[in-house]
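Worksheet for the structure shown next.
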Amino acid sequence: QVPLVESGGGSVQAGGSLRLSCVWSQFSYERPCIAWFREAPGKERDMVAAIETRDGTTFYVDSVKGRFTVSQDAVKNTIYLQMNSLKPDDTAMYYCAAGARRCQLEDFHAWNYWGQGTQVTVSA
């Protein structure tokens, strides 16, 4: 049983779009944050965006601001990452994470629960 499960990855051409989904099964009122991270080969696992599921507040890093949008469907226990205007530099394994004390903690060590990841590949 995996507490967080990502889906929606795939291969697209630069400029295309994808929508990633993250379904969680261990929601915590004390740790209501869900974040999206990505990790490319040879690079660190970096935060992309986060959402506070209680009030809907979102956070984005500068490299994706204006292109990516985080949203949620509380009934379905699902967090979405809408990815538009994709670039080759967006190519990475994308993970959703939970369990951090605060939502804007960009250090991946602060997050206790991780999905298995979904691969996003953007061709030039």
Side-chain angles (χ1 to χ4, degrees):
Q1 184 180 12
V2 180
L4 297 144
V5 180
E6 305 95 337
S7 63
S11 298
V12 298
Q13 194 172 13
S17 298
L18 288 171
R19 188 182 72 166
L20 307 184
S21 299
C22 173
V23 179
W24 74 98
S25 60
Q26 296 182 1
F27 175 80
S28 172
Y29 284 96
E30 295 182 348
R31 306 289 176 90
C33 307
I34 303 292
W36 287 98
F37 285 75
R38 65 186 181 187
E39 183 175 359
K43 300 185 67 176
E44 294 182 349
R45 185 174 297 188
D46 295 327
M47 178 180 281
V48 175
I51 184 169
E52 185 181 69
T53 60
R54 298 283 285 178
D55 63 15
T57 301
T58 57
F59 164 81
Y60 306 92
V61 298
D62 288 341
S63 61
V64 307
K65 194 173 299 181
R67 299 188 298 121
F68 292 7
T69 303
V70 177
S71 62
Q72 65 176 331
D73 185 333
V75 175
K76 297 181 179 179
N77 294 324
T78 302
I79 302 295
Y80 301 101
L81 182 66
Q82 179 66 45
M83 310 165 67
N84 298 326
S85 301
L86 284 163
K87 305 175 180 179
D89 286 347
D90 296 320
T91 296
M93 184 74 74
Y94 283 71
Y95 301 88
C96 58
R101 182 167 45 86
R102 293 181 288 108
C103 295
Q104 296 185 21
L105 294 172
E106 299 186 29
D107 185 352
F108 70 88
H109 293 102
W111 299 81
N112 296 324
Y113 303 100
W114 295 87
Q116 297 302 307
T118 184
Q119 178 67 40
V120 172
T121 301
V122 185
S123 62

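Computed from heavy atoms alone, side chains included, the values below leave out hydrogens, waters and symmetry copies.
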[X]: partners by side chain to side chain contact (heavy atoms under 4.5 Å, CB included), with sequence neighbours left out:
X: S123; value: Q13
X: A110; value: L105
X: A14; value: P88, V122

Legend entry - side chain to side chain donor-acceptor pair (under 3.5 Å) against R19, all qualifying residues, sequence neighbours excluded: none
Inset, instruction - Applying side chain to side chain donor-acceptor pair (under 3.5 Å), name anything that partners S17, two or more places apart in sequence or on another chain. - result: N84
Which donor-acceptor pairs under 3.5 Å do side chains of residues 39-47 form with protein atoms, sequence neighbours excluded?
from: E39; atom 1: OE1; to: R45; atom 2: NE; distance (Å): 2.9
from: E39; atom 1: OE1; to: R45; atom 2: NH2; distance (Å): 3.1

Legend entry - Within residues 66-124 or reaching into it, pairs that qualify as disulfide (SG to SG under 2.5 Å) - sequence neighbours excluded: C22-C96, C33-C103
Legend entry - Enclosure of Y113 OH (heavy-atom neighbours >12, cutoff 6.0 Å): no
Legend entry - Mutual orientation of the aromatic rings belonging to F37 and W111 [parallel < 30°, tilted 30-60°, perpendicular > 60°]: perpendicular
Inset, instruction - Please name the residue in the list V48, V64, L20, T69 that meets the side chain to side chain contact (heavy atoms under 4.5 Å, CB included) test with M83. - result: L20
What donor-acceptor contacts under 3.5 angstrom involve side-chain atoms of residues 53-62, with partners at least two apart or in another chain?
from: T53; atom 1: OG1; to: P32; atom 2: O; distance (Å): 2.5
from: D55; atom 1: OD1; to: T57; atom 2: N; distance (Å): 2.9
from: D55; atom 1: OD1; to: T57; atom 2: OG1; distance (Å): 2.9
from: D55; atom 1: OD2; to: T57; atom 2: OG1; distance (Å): 3.4
from: Y60; atom 1: OH; to: V70; atom 2: N; distance (Å): 2.8
from: D62; atom 1: OD1; to: K65; atom 2: NZ; distance (Å): 3.3

Inset, instruction - Could you list all the salt bridge (Lys or Arg N to Asp or Glu O under 4.0 Å) pairs where at least one residue sits in residues 89-106, not counting sequence neighbours? - result: R38-D90, R67-D90
Inset, instruction - Only counting residues at least two apart or in another chain, list the ones meeting salt bridge (Lys or Arg N to Asp or Glu O under 4.0 Å) with K87. - result: none
